[in-house]
Amino acid sequence: MSRNELGLTMRLRTLRVAGVALLISAAVTACSENQEPGAGPAAPEETTSIDFGVGVDPAYSPIYLADQQGLFSEAGLDVTVTQYQEGTGGLDAILAREGQVTASTESSLLNRATRGDVKGVAVFSQSPDFIKLVVRDEIVEVADIARYGVVTGTVNEYATNKILDTYGISRDAVEFVTSSPAEMPALLQRGDIDGYIMWEPWPARGVAGGGKILLTSGDVGYVYNLIIGVDGAWYEANQEAVRTLVGAVADACDQITADPQAAGTATETAIQVPAAEAVDLLTGVQCQVRDFTDEDLQRYAEIAQFQQDSGIVTDPADPAAVMIRGVA
């Protein structure tokens with residue numbers, strides 16, 4: 001797919017997501033207007049009908065695969081996989097009571113957990129190499145970067161901060177240009193920013209536009225986690241369904257581990273990233289469903305503290321309360 005075609009695809013998807021956001025807003029307003037005075041929201045009920053929100057990059061390939069191969073339906077679940085330009089879209093749908101399950105980075109989940117009842121139930125992907133810092137070709141070292149592209153409240157912002165801390169650079173010494181992931185390659189090509197650290201395929205798109213990779217998140221001590229998140233109240237009424245869903249994603253990861261091409265094919269079908277490119281971008285990514293470890297929670301606490309220190313949230317999330325252990 002050409003960059004123009006990819007850009008059109010992303011713009012159309014963005015418009016669709018914007019439309020969904022408007023519908024969610026209208027639904028929330030209508031519910032509040034029709035609610036009896038003093039009545040709280042209705043308690044979630046047990047159901048096998050699930051809206052699963054995901055982002056649009058190869059890292060979500062096990063969920064694309066589980067959907068396309070019918071693994072959810074074989075397990076007795078009626079799952080609709082909804083794509084958002086960013087992983088935070090599924091989290092926002094949960095907060096609006098329009099979705100039940102999502103997949104996102106630990107950073108995004110912790111951020112949204114300060115706004116509502118969002119829980120993490122399992123890690124399904126991790127890598128020190130999938131998130132990369134791409135810079136203009138003229139940039140020689142990190143100290144040369146004056147303007148960073150930032151997606152507020154995401155792992156991109158956390159990883160940017162890790163770069164600055166690692167190299168002893170003050171946040172006040174650089175400029176942050178806020179935009180969406182899809183816009184970063186164009187901003188870099190125009191010279192509006194000097195670099196951005198992002199998940200694939202956006203670093204590859206930046207390189208295609210004339211940039212180069214300077215480092216990966218692992219070089220500054222960060223191994224990202226992708227986490228299956230749920231509506232906390234809905235989870236309480238649907239624990240068995242959640243375990244079943246997590247098991248289906250685990251089966252998809254097993255397929256991908258045995259045959260990496262399966263991830264490429266699923267990604268190409270879902271988001272039109274060529275299969276060969278998707279497989280290449282996923283090199284070094286560990287697709288494995290697992291429970292949270294003590295080390296995970298310690299790292300998540302550091303991320304939550306960063307979010308408070310940076311003014312992203314007022315009070316940091318408590319990872320021990322947000323992450324539900326024993327599901328995977």
I need the minimum non-hydrogen distance between [X] and [Y], along with the two atoms involved.
| X | Y | result |
| --- | --- | --- |
| Asp137 | Gly210 | CB-O, 3.6 Å |
| Asp144 | Ile139 | O-CD1, 3.6 Å |
| Ala182 | Gln85 | CB-NE2, 3.1 Å |
| Glu86 | Val151 | OE1-CG1, 3.6 Å |
| Leu188 | Gly211 | CD2-CA, 4.2 Å |
| Ala270 | Tyr64 | CB-CG, 3.5 Å |

Side-chain donor or acceptor of [X] paired with backbone N/O of [Y] under 3.5 Å:
| X | Y | result |
| --- | --- | --- |
| Asn156 | Met198 | no |
| Tyr196 | Trp202 | yes |
| Gln68 | Ala266 | yes |
| Glu106 | Asn225 | yes |
| Thr102 | Gly53 | yes |
| Thr244 | Ala75 | no |
| Asp259 | Gln261 | yes |
| Lys132 | Thr216 | no |
| Ser310 | Gln307 | no |
| Glu268 | Pro274 | no |

Hey, any chance [X] and [Y] share a hydrophobic cluster, counting ILVMFWY side chains that come within less than 4.5 Å of each other, even indirectly?
| X | Y | value |
| --- | --- | --- |
| Leu65 | Phe52 | no |
| Val101 | Val246 | yes |
| Val327 | Leu297 | yes |
| Val81 | Ile227 | yes |
| Ile131 | Val56 | yes |

Under 4.0 Å between a Lys/Arg side-chain N and an Asp/Glu carboxylate O for [X] and [Y]?
| X | Y | value |
| --- | --- | --- |
| Arg147 | Asp192 | no |
| Glu157 | Lys162 | no |
| Arg325 | Asp294 | yes |

Answer whether the closest heavy-atom distance between the side chains of [X] and [Y] falls below 4.5 Å.
| X | Y | answer |
| --- | --- | --- |
| Trp199 | Thr105 | no |
| Ile50 | Trp234 | yes |
| Leu282 | Pro260 | no |
| Pro319 | Leu110 | yes |
| Tyr148 | Ile197 | no |
| Val118 | Leu109 | yes |
| Pro62 | Cys287 | yes |
| Arg112 | Asp92 | yes |

Which distance, rounded to the nearest 0.5 Å, do you find between the [atom1] of [X] and the [atom2] of [Y]?
| X | Y | atom1 | atom2 | value |
| --- | --- | --- | --- | --- |
| Lys212 | Glu138 | NZ | CD | 8.0 Å |
| Ile145 | Ile193 | CD1 | CD1 | 10.0 Å |
| Ser125 | Gln288 | OG | CD | 10.5 Å |
| Gln286 | Leu226 | CD | CG | 12.0 Å |
| Arg243 | Tyr235 | CZ | OH | 5.0 Å |
| Leu91 | Arg115 | CG | CZ | 9.5 Å |

Do Tyr222 and Tyr158 have ring centres separated by under 6.0 Å?
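Aromatic pair counts; centres sit under 6.0 Å.
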
Working for side-chain hydrogen bond (donor to acceptor under 3.5 Å, both in side chains), residues Gln305 and Gln308
CA-CA 5 Å; Gln305 188 60 54; Gln308 182 186 42; 3.0 Å; yes

Quick one, Ile324 with Lys119, criterion side chain to side chain contact (heavy atoms under 4.5 Å, CB included). Give me CA distance, side-chain angles, the key distance, then yes/no.
CA-CA 7 Å; Ile324 302 174; Lys119 304 292 186 184; 3.7 Å; yes

Any side-chain donor near an acceptor of the partner, [X] and [Y], under 3.5 Å:
| X | Y | result |
| --- | --- | --- |
| Thr80 | Asp51 | no |
| Gln298 | Glu295 | no |
| Asp296 | Thr293 | yes |
| Arg290 | Gln126 | yes |

Criterion side chain to side chain contact (heavy atoms under 4.5 Å, CB included) on Ser61 and Ile256, from CA distance to verdict:
CA-CA 9 Å; Ser61 58; Ile256 288 171; 3.8 Å; yes

Would you sort out whether Val79 and Asp67 count as a side chain to side chain contact (heavy atoms under 4.5 Å, CB included), showing the intermediate values?
CA-CA 8 Å; Val79 175; Asp67 183 37; 5.6 Å; no

Measure up the Tyr224 and Phe130 rings against each other and bin them: parallel (under 30°), tilted (30 to 60°), perpendicular (over 60°).
tilted

Using side chain to side chain contact (heavy atoms under 4.5 Å, CB included), reason through Val230 and Ile94 one step at a time and then give a plain yes or no.
CA-CA 7 Å; Val230 297; Ile94 287 177; 5.5 Å; no

